[in-house]
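All remarks here apply to the structure that follows.
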Amino acid sequence: MLYIFDMGGVVTNTAEVIKPFCDIIHITEEEFMSYCGDLLSQYSDGVITTSRFWELFSQRSGKIVKTDWWHCLFHPARNEKTYEIIRQLKKAGNRVVCGTNTIESHYRNHCERGDYAVFDQTYASCFMGVSKPKLDFWKIILVAEKTEAKETVFIDDREENWKAAASLGMRAIHFLTAEKLAEDLK
């Protein structure tokens, strides 16, 4: 059996980066989002690089940003109970991978912290060229893992993501807590 775990909100908490960044450069979160426009989805899909994101953001906002604040301010906490579930699944002979929507800066941060080390493989949107909930995200993983949807369990905290995975025939689990996940996996 293949298990695909989302990272942020499941294996780690979703660290707040936008508000602290806005405080640093003295803009509102609404202004931040208006300056970003489509940049965040392009960055998450790996269409633009980190430096290009900040260059375009600087042009749009009129605020010169030279520091990669996505990397510097990103400090998620591990959900150790979820990590233990992953270890137990692997111990039982299952393949367990991470399937995450992420940007290059956060990916590097997770690598530095060893957050992906528990997985057999990590599939990150910024290197795949597609993000959840687009179906190609899972299709790429299924092809790479040489498995079928019916032999796969997908765990995510976002409804649009687990519903999309379920539409492909995966067993999709809505992550609420590690305790609930342990029950759902029985």
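The figures here come from the full heavy-atom set of this structure, side chains too, leaving out hydrogens, waters and symmetry mates. Counting begins at 1 with the first residue of the sequence.
Put simply, the side chain of Arg87 never gets that close to the backbone of Val118: no donor and acceptor are under 3.5 Å apart. Between the side chain of Ser58 and the backbone N or O of Trp54, at least one donor-acceptor pair lies under 3.5 Å. Under a 3.5 Å cut-off, the side chain of Lys163 and the backbone N or O of Pro133 do not form any donor-acceptor pair. No donor-acceptor pair under 3.5 Å is formed between the side chain of Ser44 and the backbone N or O of Ser41. Between the side chain of Asp156 and the main chain of Arg158, a donor-acceptor pair closer than 3.5 Å is present. A donor-acceptor pair under 3.5 Å links the side-chain atoms of Ser125 to the main chain of Thr102, judged by distance alone. Here the side chain of Glu16 pairs a donor or acceptor atom with the backbone of Ile18 at under 3.5 angstrom. Of the possible donor and acceptor atoms, one in the side chain of Asn101 sits under 3.5 Å from a partner among the backbone N and O of Lys132.
Contacts of Glu55 classified as side-chain hydrogen bond (donor to acceptor under 3.5 Å, both in side chains), with partners at least two apart in sequence or in another chain: Arg52. Under the ring pair (Phe, Tyr, Trp, His ring centres under 6.0 Å) criterion, Tyr107 pairs with Tyr116, Phe127, sequence neighbours left out. For Asp136, there are no salt bridge (Lys or Arg N to Asp or Glu O under 4.0 Å) partners two or more places apart in sequence or in a different chain. Residues satisfying the side-chain hydrogen bond (donor to acceptor under 3.5 Å, both in side chains) test with Glu84, not counting sequence neighbours, are Gln88. A search for side-chain contact (heavy atoms from CB on, under 4.5 Å) contacts involving Asp115 returns Met7, Thr12, Arg78, Tyr83, His110, Arg113, not counting sequence neighbours. With sequence neighbours excluded, no residue forms a salt bridge (Lys or Arg N to Asp or Glu O under 4.0 Å) with Asp157.
Contact detail for Tyr35 and Arg60: the closest heavy-atom pair is O-CD, 2.8 Å. The two residues Thr82 and Val10 have their closest heavy-atom pair at OG1-O, 3.1 Å. Between Ile27 and Phe57, the closest heavy-atom pair is CD1-CZ, 4.0 Å. When all heavy atoms are compared, the tightest approach of Met1 to Glu151 is SD-O, 3.0 Å.
To the nearest 0.5 Å, atom CE of residue Met170 and atom NZ of residue Lys150 are 13.5 Å apart. Atom CZ of Arg171 and atom CD1 of Ile155 lie 8.0 Å apart (nearest 0.5 Å). One finds the CG atom of Asn94 at 12.0 Å from the CD1 atom of Ile86 (value rounded to the nearest 0.5 Å). Annotation: the span from Phe32 atom CZ to Ser61 atom OG amounts to 9.5 Å, rounded to 0.5 Å.
Hydrophobic clustering (side-chain heavy atoms under 4.5 Å, transitive across Ile, Leu, Val, Met, Phe, Trp, Tyr) groups Met33 together with Ile48. When the side chains of ILVMFWY residues are joined at heavy-atom separations under 4.5 Å, either directly or via intervening members, Ile173 and Trp162 end up in two distinct hydrophobic clusters. Taking hydrophobic clusters as Ile, Leu, Val, Met, Phe, Trp and Tyr residues chained together by side-chain heavy-atom distances below 4.5 Å, Met128 shares a cluster with Leu142. Note: the hydrophobic cluster containing Ile140 does not contain Tyr3 (ILVMFWY, side chain heavy atoms under 4.5 Å, direct or indirect links). Under the 4.5 Å side-chain heavy-atom criterion for ILVMFWY residues, a single connected hydrophobic cluster contains both Phe74 and Ile103.
Side-chain contact between Thr67 and Cys72 is present, with at least one heavy-atom pair separated by less than 4.5 Å. Contact check for Glu145 versus Thr152: no side-chain heavy atoms found under the 4.5 Å cut-off. Using a 4.5 Å heavy-atom threshold, the side chains of Leu89 and Leu185 count as touching. The shortest side-chain heavy-atom distance between Lys134 and Asp45 falls under the 4.5 Å cut-off. Contact annotation: the side chain of His174 never approaches that of Asp184 to less than 4.5 Å [non-hydrogen atoms, C-beta and beyond]. Residues Gln121 and Ile141 are not in side-chain contact: their nearest non-hydrogen atoms beyond the backbone lie 4.5 Å or more apart. The shortest distance between side-chain heavy atoms of Thr100 and Asp6 falls below 4.5 Å. Side-chain contact between Ile24 and Leu73 is present, with at least one heavy-atom pair separated by less than 4.5 Å.
Using cut-offs of 30° and 60° on the angle between ring planes, the pair Tyr43 and Trp70 is tilted.
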- CA sep, side-chain torsions, deciding dist, call: Asp68, Thr50, side-chain hydrogen bond (donor to acceptor under 3.5 Å, both in side chains): CA-CA 7 Å; Asp68 181 9; Thr50 303; 4.6 Å; no
- Message: Run Phe53 and Cys36 through side chain to side chain contact (heavy atoms under 4.5 Å, CB included) and show every step you take.
- Response: CA-CA 9 Å; Phe53 174 89; Cys36 285; 3.8 Å; yes
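Of the residues Trp138, Tyr123, Phe175, the one that meets the ring pair (Phe, Tyr, Trp, His ring centres under 6.0 Å) test with Phe154 is Trp138.
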